[in-house]
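Reading through the structure tokens given below for one structure.
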Amino acid sequence: MHKFLSATPFGQKEVIAFLRIIIAIFLIIHGKEVLDPVKMKEYAAWDQFKNAPVLAYLGKGAELVAGILLLLGWFTRVSCLIIIGTFGYITFLVGHGKFWMEDQHPFMFVLFGILFLFTGPGALSLDAMVFRKKS
């Protein structure tokens with residue numbers, strides 16, 4: 001009980017890894033729409049993409065790639081920059097920038113991107129295996 005009420009973290013790396021994996025799965029689910037021509041045609045018809053439909057494909061592709069990288073914990077901070085940029089664009093340029101009301105969903109991905117940018121991938125990541133210090 002004392003440890004639970006203290007300010008000392010416990011299980012931090014494992015919880016960060018758990019959240020990273022769940023969020024990565026959400027990103028992959030969203031991003032795999034890039035493989036669905038019917039869905040992508042719908043997105044490309046939106047007013048925001050009529051002049052540049054390739055942006056819809058780039059956005060969905062970025063979600064898929066960032067989700068896969070985040071799931072593996074491979075180049076985690078690079079994937080976070082992709083997430084922050086993609087979902088920041090969605091929140092403020094595709095959406096109305098009302099992240100406190102209408103655009104909460106994409107803005108939450110921005111916040112999680114910022115979180116993992118600063119905390120790293122947690123446990124169970126390729127980054128930890130590849131970039132750990134040699135003793």
Side-chain angles (χ1 to χ4, degrees):
M1 187 69 157
H2 175 69
K3 190 172 186 175
F4 181 76
L5 296 175
S6 76
T8 307
F10 61 94
Q12 192 172 17
K13 288 184 180 186
E14 293 79 11
V15 170
I16 288 171
F18 174 74
L19 292 174
R20 173 181 53 83
I21 291 166
I22 297 300
I23 290 163
I25 291 169
F26 289 153
L27 286 169
I28 292 168
I29 290 168
H30 281 274
K32 74 181 174 96
E33 290 180 337
V34 76
L35 305 173
D36 181 352
V38 174
K39 192 70 169 168
M40 290 310 298
K41 192 172 181 180
E42 277 180 42
Y43 288 134
W46 288 5
D47 288 340
Q48 298 90 334
F49 301 125
K50 279 188 180 173
N51 294 328
V54 71
L55 289 177
Y57 287 91
L58 286 173
K60 284 297 175 183
E63 290 175 22
L64 182 62
V65 169
I68 292 168
L69 290 173
L70 198 63
L71 180 67
L72 299 172
W74 180 240
F75 293 114
T76 302
R77 290 191 168 100
V78 172
S79 71
C80 289
L81 293 175
I82 295 169
I83 293 166
I84 293 165
T86 302
F87 284 96
Y89 181 86
I90 292 168
T91 301
F92 295 104
L93 298 174
V94 175
H96 300 102
K98 295 180 183 174
F99 56 87
W100 62 91
M101 257 165 83
E102 297 170 13
D103 300 315
Q104 291 173 342
H105 177 228
F107 191 67
M108 290 294 282
F109 281 111
V110 172
L111 295 176
F112 280 118
I114 293 169
L115 173 72
F116 296 124
L117 181 68
F118 287 95
T119 63
L124 300 171
S125 71
L126 289 176
D127 284 345
M129 292 184 341
V130 172
F131 297 116
R132 76 176 148 219
K133 292 181 181 176
K134 308 282 185 205
S135 16

Checklist entry - Quick check: does any side chain N or O of Arg20 sit under 3.5 Å from a backbone N or O of Leu71, one acting as donor and the other as acceptor? => result yes

Checklist entry - Looking only at heavy atoms, what is the nearest atom pair of Tyr89 and Leu55, with distance? => result OH-CD1, 3.5 Å

Next on the checklist: Please report the interatomic distance CZ(Phe87) to CZ(Phe92), rounded to the nearest 0.5 Å.
Outcome noted: 13.5 Å

Checklist entry - For Gln12, does the CD atom sit with more than 12 other heavy atoms under 6.0 Å from it, leaving out its own atoms? => result no

Checklist entry - Between Phe116 and Cys80, which heavy-atom pair has the shortest distance, and what is it? => result CB-SG, 3.4 Å

Checklist entry - Is it true that a side-chain atom of Asp103 and a backbone atom of Lys98 form a donor plus acceptor pair closer than 3.5 Å? => result yes

Checklist entry - Between Phe109 and His105, what is the ring plane arrangement, given parallel below 30°, perpendicular above 60°, and tilted in between? => result perpendicular

Item to check | Atom of Leu64, atom of Lys32 and distance for their closest heavy-atom approach | outcome: CD1-N, 4.0 Å

Checklist entry - Can you check side-chain contact (heavy atoms from CB on, under 4.5 Å) on Phe118 and Arg77, steps first, answer last? => result CA-CA 8 Å; Phe118 287 95; Arg77 290 191 168 100; over 6 Å; no

Next on the checklist: For a 4.5 angstrom cut-off between non-hydrogen side-chain atoms, does Phe99 reach Gln104?
Outcome noted: no

Item to check | CD1 on Ile16 to CD1 on Ile21, rounded to 0.5 Å | outcome: 12.0 Å

Next on the checklist: Tell me whether the rings of Phe49 and Trp46 are parallel (<30°), tilted (30 to 60°) or perpendicular (>60°).
Outcome noted: parallel

Checklist entry - Taking it one step at a time, do Tyr43 and Lys60 satisfy side-chain contact (heavy atoms from CB on, under 4.5 Å)? => result CA-CA 10 Å; Tyr43 288 134; Lys60 284 297 175 183; 3.5 Å; yes

Checklist entry - Which atom pair, heavy atoms only, marks the closest approach of Thr76 to Pro121? => result OG1-CB, 3.3 Å

Item to check | Minimum heavy-atom distance between Ser79 and Leu69, given as atom pair plus value | outcome: CB-CB, 3.7 Å

Checklist entry - After noting the C-alpha distance and the side-chain angles of Ile29 and Glu63, does the key distance pass the side-chain contact (heavy atoms from CB on, under 4.5 Å) rule? => result CA-CA 9 Å; Ile29 290 168; Glu63 290 175 22; over 6 Å; no

Next on the checklist: If you count every heavy atom of other residues, nucleotides or ligands that lies below 6.0 Å from Phe26 atom CZ, does the total exceed 12?
Outcome noted: no

Item to check | Shortest non-hydrogen contact from Ile82 toward Ala66 | outcome: CG2-CB, 3.8 Å

Next on the checklist: Set out, in order, the CA-CA distance, both residues' side-chain angles and the distance that settles side-chain contact (heavy atoms from CB on, under 4.5 Å) for Leu93 and Gln48, then state yes or no.
Outcome noted: CA-CA 8 Å; Leu93 298 174; Gln48 298 90 334; over 6 Å; no

Next on the checklist: Tell me whether the rings of Phe4 and Phe10 are parallel (<30°), tilted (30 to 60°) or perpendicular (>60°).
Outcome noted: tilted

Checklist entry - Among Leu70, Leu27, Ile23, whose side chain to side chain contact (heavy atoms under 4.5 Å, CB included) with Phe112 holds? => result Ile23

